[in-house]
*Asks:* 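Just dropping this structure here.
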Amino acid sequence: MKHRNLVVISAGLSQPSSTRLLADQLSAAAAAAAGDLGIVLDTRVVELRDLAHEITNHLLTGFPAGALRDAQDAVAAADAVIAVSPVFSASYSGLFKSFFDVLDKDALAGKPVLLGATAGTARHSLALDHALRPLFTYFRATVVPTAVFAAADDWGGDSADGDLRTRIERAAAELAREIDHREPVTPADPFALTSSFEDLLNSNS
Ligand SMILES: Cc1cc2nc3c(=O)[nH]c(=O)nc-3n(C[C@H](O)[C@H](O)[C@H](O)COP(=O)(O)O)c2cc1C
């Protein structure tokens, strides 16, 4: 079995959160689909609600503090990302966008990403295609073809039902295949020399 890192970003604000519920069901389905391909997914969930103050501080100061910096590093080191936002005013939420506003623009380059959104009404399902997809195109991420939208009516009890379950499983299988095709991400070493030791000595002489 090979191991890969999955980071799940959930921007729900309610407690309990339907966005988190969708994020959890997507990550469970991704773990199962990856398992079928001989991959163990080590999953970390980033709840943006818990980082809301630090995200605002970063916007104001230009510097990430502890837990936000840690979450940003986890995203950059991830082999794949699942990103789920509630639909607010027919688009992603402000908190969701703000997290990506303070993320390094290369952090998602070439990385497989599965997108999801929750909403009150199915009428706003295109938010995935007119708002979330273009954002991840900017980051040069590899977004899997199936994005998963869940309106209030899609939930039966506490879990995905019918068509929603089918879409979750199809999206998860697409993500697992993208992970399987790639080499693992090796996190950048912050202490690595960017020039040779000899060049450094010469630059001081
Ligand atoms: C400020 C605000 C704006 C919203 N705007 C929309 C909207 O434009 N379209 C929609 O279908 N639902 C909208 N909703 C409903 C949320 O998208 C929906 O309840 C979502 O699942 C909440 O996610 P959560 O439970 O993870 O917080 C809005 C909710 C809030 C609080």
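Counting convention: from 1, in listed order, for ligands and their atoms alike.
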*Asks:* Look at Asp106 together with Arg140 and state whether they make a salt bridge at an N to O cut-off of under 4.0 Å.
*Replies:*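 The answer is yes: the pair qualifies as a salt bridge.
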*Asks:* Are the side chain of Ser17 and the backbone of Leu13 linked by a donor-acceptor contact shorter than 3.5 Å?
*Replies:* no
*Asks:* Give me the nearest non-hydrogen protein atom to atom 6 (C) of ligand 1 as residue plus atom name, then the distance to 0.1 Å.
*Replies:* Val87 O, 3.2 Å
*Asks:* What residue and atom, counting heavy atoms only, is the protein's closest point to atom 5 (N) of ligand 1, and at what distance?
*Replies:*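 That would be Ser89 N, 3.0 Å.
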*Asks:* With atoms numbered from 1 as shown, which atoms in ligand 1 lie under 4.0 angstrom from a non-hydrogen atom of Ala90?
*Replies:* 7 (C), 8 (O)
*Asks:* Which heavy atom of the protein is the closest neighbour of atom 7 (C) of ligand 1, given with residue, atom name and distance?
*Replies:* His124 ND1, 3.4 Å
*Asks:* Pairs of nitrogen or oxygen atoms closer than 3.5 Å, one from Gly12 and one from ligand 1: do any exist?
*Replies:*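 There is no such contact.
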*Asks:* Show which atoms of ligand 1 fall inside a sub-4.0 Å distance from at least one heavy-atom site of Thr19.
*Replies:* 23 (O), 24 (P), 26 (O)
*Asks:* Just which atoms of ligand 1 are under 4.0 Å from any heavy atom in Ser17?
*Replies:* 24 (P), 25 (O), 26 (O)
*Asks:* Around atom CZ of Arg123, are there more than 12 heavy atoms from other residues, nucleotides or ligands closer than 6.0 Å?
*Replies:*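 12 or below, so no.
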*Asks:* Considering only protein heavy atoms, which is closest to atom 2 (C) of ligand 1, and at what distance to one decimal place?
*Replies:* Phe88 CD1, 3.6 Å
*Asks:* Quick one: look up the protein heavy atom nearest atom 20 (C) of ligand 1 and list residue, atom name and how far away it is.
*Replies:* Thr118 OG1, 3.5 Å
*Asks:* Give a yes or no on this: more than 12 heavy atoms of other residues, nucleotides or ligands lie within 6.0 Å of atom NE2 of His130.
*Replies:*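 Check passes, neighbour count above 12.
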*Asks:* If you take the centroid of each ring, where Trp contributes its six-membered ring, are Phe136 and Phe100 closer together than 6.0 Å?
*Replies:*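 Aromatic pair counts; centres sit under 6.0 Å.
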*Asks:* Any chance you could lay out the side-chain hydrogen bond (donor to acceptor under 3.5 Å, both in side chains) test for Gln25 and Arg165, step after step, and finish with the verdict?
*Replies:* CA-CA 9 Å; Gln25 297 199 6; Arg165 167 61 41 202; 3.0 Å; yes
*Asks:* Quick one: nearest non-hydrogen protein atom to atom 12 (N) of ligand 1, plus distance?
*Replies:* Gly120 N, 3.1 Å
*Asks:* Check this for me, if you would: do Lys2 and Asp180 make a salt bridge, where the nitrogen-to-carboxylate-oxygen distance has to be below 4.0 angstrom?
*Replies:*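 The answer is yes: the pair qualifies as a salt bridge.
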*Asks:* List the closest protein heavy-atom neighbour of atom 27 (O) of ligand 1: residue, atom name, distance to the nearest 0.1 Å.
*Replies:*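 Sorting protein heavy atoms by distance from atom 27 (O) of ligand 1 puts Ser14 OG, 2.8 Å first.
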*Asks:* Counting non-hydrogen protein atoms only, what is the nearest one to atom 25 (O) of ligand 1? Give residue, atom name and distance.
*Replies:*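 Going atom by atom, the protein heavy atom closest to atom 25 (O) of ligand 1 ends up being Ser18 N, 3.0 Å.
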*Asks:* Please determine whether a side-chain nitrogen of the Lys or Arg among Asp163 and Arg167 lies less than 4.0 Å from a carboxylate oxygen of the Asp or Glu.
*Replies:*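 Here Asp163 does not pair with Arg167 in a salt bridge, since their nearest N and O are not under 4.0 Å apart.
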